[in-house]
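What follows is one structure encoded as structure tokens, with my remarks underneath.
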Amino acid sequence: IQKELSKKNEISQALEMPEPYFPIYEKYVEVFDQMKISKETILTGHSCGAGFLLRYLSEHPEIKPKQVVLVAPWIDLERYLADQGNNFFDFELDKDLGNRTEVQVFVSSDDDEDIINTVNKIKTEIPNVIYHEFTDKKHFTRRHLGTDAFPELLEVILK
């Protein structure tokens with residue numbers, strides 16, 4: 001996606017977050033706080049990264065990006081991380097998020113149950129979200145998509 005955006009003269013930044021398989025919220029915040037977020041910013045997160053965006057924006061209601069795109073979002077409703085003493089997802093969703101910025105969610109019905117549960121929670125708690133629902137994309141990774149291309153996501157970002 002970053003390559004395709006660059007070809008269209010769109011500035012983008014793909015952040016490398018520390019310890020993605022045992023994320024520490026404060027470490028993610030240190031990296032993320034280096035970004036300048038404006039009303040023209042489009043934020044995109046995948047899986048745990050999408051969950052991070054949900055927490056960060058829920059805790060910072062003054063931040064109003066142009067758009068937030070969540071791909072296969074995960075917020076650990078099953079408490080896998082919490083049971084290991086990790087508070088990464090210890091927060092309440094901001095029910096007003098869909099009113100202050102455009103939120104779009106990509107989900108595939110053949111993804112893991114914890115992703116489907118997260119999307120159902122978003123559907124229940126955050127109004128005005130736009131959903132892109134698939135049946136055959138699993139977790140939207142290269143292995144599942146069979147390619148690096150993700151034209152549906154690119155189209156939403158460029159819209």
> With a 3.5 Å cut-off and no angle check, do the side chains of Tyr56 and Asp33 form a donor-acceptor pair?
Replying inline: yes
>> Could you tell me if Arg55 sits above the aromatic ring of Tyr25, with its cationic atom closer than 6.0 Å to the ring centre and no more than 45 degrees from the axis?
In response: yes
> Are Phe89 and Ile126 joined in one hydrophobic group, where the rule is that I, L, V, M, F, W and Y side chains link up if heavy atoms are under 4.5 Å apart?
Replying inline: yes
>> With rounding to the nearest 0.5 angstrom, report the CD to CG distance, Glu102 to Leu97.
In response: 11.5 Å
>> As an exercise, state the distance from CZ of Phe22 to SG of Cys48, rounded to the nearest 0.5 Å.
In response: 11.0 Å
> Are Val107 and Leu53 connected, step by step, through hydrophobic side chains (Ile, Leu, Val, Met, Phe, Trp, Tyr) whose heavy atoms are closer than 4.5 Å?
Replying inline: yes
> Taking atom types as modelled and ignoring hydrogens, do the side chains of His132 and Gln104 form a donor-acceptor contact shorter than 3.5 angstrom?
Replying inline: yes
> For Asp114, does its backbone N or O pair with a side-chain atom of Asp112 as donor and acceptor, under 3.5 Å?
Replying inline: no
>> Among residues at least two apart in sequence or on other chains, which ones pass side chain to side chain donor-acceptor pair (under 3.5 Å) with Glu19?
In response: Lys27
> Taking the side chain from His144 and the backbone from His139, do they hold a donor-acceptor pair closer than 3.5 Å?
Replying inline: yes
> Applying the 4.5 Å side-chain criterion to the ILVMFWY set and letting contacts propagate, would Ile1 and Val68 be lumped into a single cluster?
Replying inline: no
>> Around atom CD of Glu113, are there more than 12 heavy atoms from other residues, nucleotides or ligands closer than 6.0 Å?
In response: no
> Does Lys138 come within less than 4.0 Å of Asp111, counting only side-chain N to carboxylate O?
Replying inline: no
> How many angstroms lie between CG in Leu70 and CD1 in Ile130, if you round to the nearest 0.5 Å?
Replying inline: 11.5 Å
>> As an exercise, state the distance from CD of Glu62 to CG of Leu57, rounded to the nearest 0.5 Å.
In response: 9.5 Å
> Would you find a donor on one side and an acceptor on the other, under 3.5 Å apart, between the side chain of Asp76 and the backbone of Phe88?
Replying inline: no
>> If we check ring-ring contact (aromatic ring centres under 6.0 Å, His included) with Phe52, which of these qualifies: Trp74, Phe32, Phe91?
In response: Phe32
>> Given the ring of Tyr131, does Lys123 sit roughly above its face, with NZ or CZ under 6.0 Å from the centre of the six-membered ring and within 45° of the axis?
In response: yes
> Are Leu54 and Ile122 close enough that some pair of their side-chain heavy atoms sits under 4.5 Å apart?
Replying inline: yes
>> To the closest 0.5 Å, what do you measure between CD (Glu92) and CD (Glu59)?
In response: 10.5 Å
> Quick one: CG on Leu77 to CG on Asn117, what's the gap to the nearest 0.5 Å?
Replying inline: 6.5 Å
